2 protein chains.
Amino acid sequence: MSAKHDNLLEEIQNRLENLNKSERKVAEAILRDPSAATRYSIAALARTADVSEPTVNRFCRGFSASGFPDFKIRLAQSIATGTPYVGQNIKPDDSVEEFADKVMLTTMANLDKARQALNPKDLATAIDYLIQAKQINFFGMGGSAPVALDAQHKFFRFNIPVMHYDDALMQRMVAAGSSTGDVIVIISYTGRTKEMIEIAQDALANDATVIGITTPGSPLAEVCTVVLGVTAAEDTEVYMPMSSRIIHLAVIDILATGVTLKRGEGFRNHLKKIKDSLKATRLPPASS
Amino acid sequence: MSAKHDNLLEEIQNRLENLNKSERKVAEAILRDPSAATRYSIAALARTADVSEPTVNRFCRGFSASGFPDFKIRLAQSIATGTPYVGQNIKPDDSVEEFADKVMLTTMANLDKARQALNPKDLATAIDYLIQAKQINFFGMGGSAPVALDAQHKFFRFNIPVMHYDDALMQRMVAAGSSTGDVIVIISYTGRTKEMIEIAQDALANDATVIGITTPGSPLAEVCTVVLGVTAAEDTEVYMPMSSRIIHLAVIDILATGVTLKRGEGFRNHLKKIKDSLKATRLPPASS
DNA sequence: CCCACATGTAGTAACTTTACCCAAATGTAG
DNA sequence: CTACATTTGGGTAAAGTTACTACATGTGGG
């Protein structure tokens, strides 16, 4: 089952510095046009990189492949995963098509990292808490406010009392007034916003459950009951964080899906009824 | 460039019925363990399928590969794309790990569809309108409200007057009060909410620009100045729409990126200053 | 100046493909 | 309905590629 992403291309990139002259030539030839490399024979690649065939072969073995053909297959898989763009940062002179592609592919790559990083056990624990919750509150400030709002929308359909707050004062009040059985989900990219940490501690002091969707290892993560964490490196300093919110949304989707599934068949009908109640406000589907 | 998903495995599955006896034996052998097939030599695969080597070769050519090695590479890519999950819907008895993976992979697949479907020219047009805007308003109701809120957060940093509205009454008032140079971005998954269409028409009547992030071909799309459209099929009827909002967010990311880039270097410093102003509210990065 | 490492040459082994042939099935004419 | 022709499916074996191994040669560091 396990998908174990080799990310061969990334590995080649990383080890580029540690390779000797000829092998670096091979690496560069491959990175120059990875998908072409999958079509080359060992002789063709050797010629392109201007080295001998055994050098290519040694290079392949260096990346723990049994030989050139095996290496080519791993490379092909690595490409299919969308890896070629990963890490390629957006440059000021990119065309619209180029940076649009980069934004999309970077987002996809980050989602994939998140997929691999997320711990199913923690997810399951979080879902269990949410199902048993008397009341759910989503807290997110600044850039995470939309995520909290979205979460409220999704969980609203489960007929558990649910709210979101994007304002520290209200969050503090809710945390102070919480008790056993209340679940507070705190969404924060950095996990280093002082107030959020204090709020989490307040809630915990009142025996509420605190689920953190934040960076693992951050001060906020330290205090949460459960942490659903992802480290998506991005150029936070200058541009705005982009992928992180999308990952957070995806985590919310997973939690919502989990709650739906665990509630069983009867409950899925309830969801359908809510959907149906919205139909009246819409025009009929395109007829032509 | 073009990523053209072959989905070779799917194609083999589909054509299984139309193959003659021996070639079907080959197909079945491959489907039985696709990833093993990528490691086999033609002789090994022939033995496993209990046919001769040329038969395997003919089979490969039948799937428009130049030969067996080429076929193996396409097969490898097909496996790596995560194909097994794409389209596989979530089932009530999935484990947490399974459905979490499916949610993520479905989202990724939809983002990729969006990436290919988005028209760079329309994006460029939208970005131009946004740069020249006197005022930008994001409208989104229900599930699209969080997207509108997120957009406001992102565009707030550009020091253009920007607001979001999630309430039809306010939206109508803003549309009625708009004029040339105002840009209204309407976010709607279905593009069939009656009120939104009327609101769009009001805004257009006042010479405002209306950018629609919605389903192409929908009634709303018909009336917009520019449409940034994506058709992400999902199980809207029972579960809630998930991927669509994430795609919409990604589109917002692209627009924001475009505006940032087009504004040039000086402006990116301005963004950095805003970032810096937030530092004071945070704990320092992990020190250990 | 020598040793060790890096790299290339040439030959061999493995793998793939082509050319050819046989067998079975289907079609056709007597 | 039989007998011959034609097409289709599929295997054998040899030719052609491709990849690997063993060895030779060069080159930089001690």
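These numbers were taken from a predicted model, which means no experiment stands behind them. Throughout, protein chains are lettered first and strands after them, A, B, ... in sequence-line order, and every chain is numbered starting at 1. Just the heavy atoms: all of them, side chains too, but no hydrogens, waters or symmetry mates, feed the values below.
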| query | Within 45° of the six-membered ring axis of B:Y189 and under 6.0 Å from that ring's centre, is NZ or CZ of B:R245 located there? | reply | no
| query | Which residue pairs satisfy the side chain to side chain donor-acceptor pair (under 3.5 Å) criterion with at least one member in residues 20-31 of chain B, sequence neighbours excluded? | reply | none
Considering residues at least two apart in sequence or located in another chain, which fulfil the side-chain contact (heavy atoms from CB on, under 4.5 Å) criterion with [X]?
X	value
A:Q13	A:L31
B:P34	B:L9, B:I79
A:V227	A:T214, A:A221, A:C224
A:D122	A:N119, A:V226, A:L228

| Hey, where on DNA chain C does chain B first and last touch, going 5' to 3'? Cut-off is any atom under 4.0 Å from a heavy atom. | C:dT16 to C:dT18
| Can you name the side-chain hydrogen bond (donor to acceptor under 3.5 Å, both in side chains) partners of B:D128, sequence neighbours left out? | B:K262
| task | Sequence neighbours left out, what passes side-chain hydrogen bond (donor to acceptor under 3.5 Å, both in side chains) with A:R39? Give chain and number order. | result | none
Side-chain donor-acceptor contacts of residues 50-60 of chain B below 3.5 Å, not counting sequence neighbours, with atom names and distances?
unit_1: B:S52; atom_1: OG; unit_2: B:T55; atom_2: OG1; d: 3.1

| field | Whole-Å gap separating P (D:dA22) and CZ (A:R61) | value | 10 Å
| Listed in order of residue number, which residues of residues 20-35 of chain B have a non-hydrogen atom at under 4.0 Å from DNA chain C? | none
| query | Does anything in residues 40-60 of chain A reach DNA chain C, meaning a heavy atom under 4.0 Å, and if so which residues? | reply | A:V51, A:S52, A:P54, A:T55, A:R58
| For B:R47, what residues pass the salt bridge (Lys or Arg N to Asp or Glu O under 4.0 Å) criterion, not counting sequence neighbours? | none
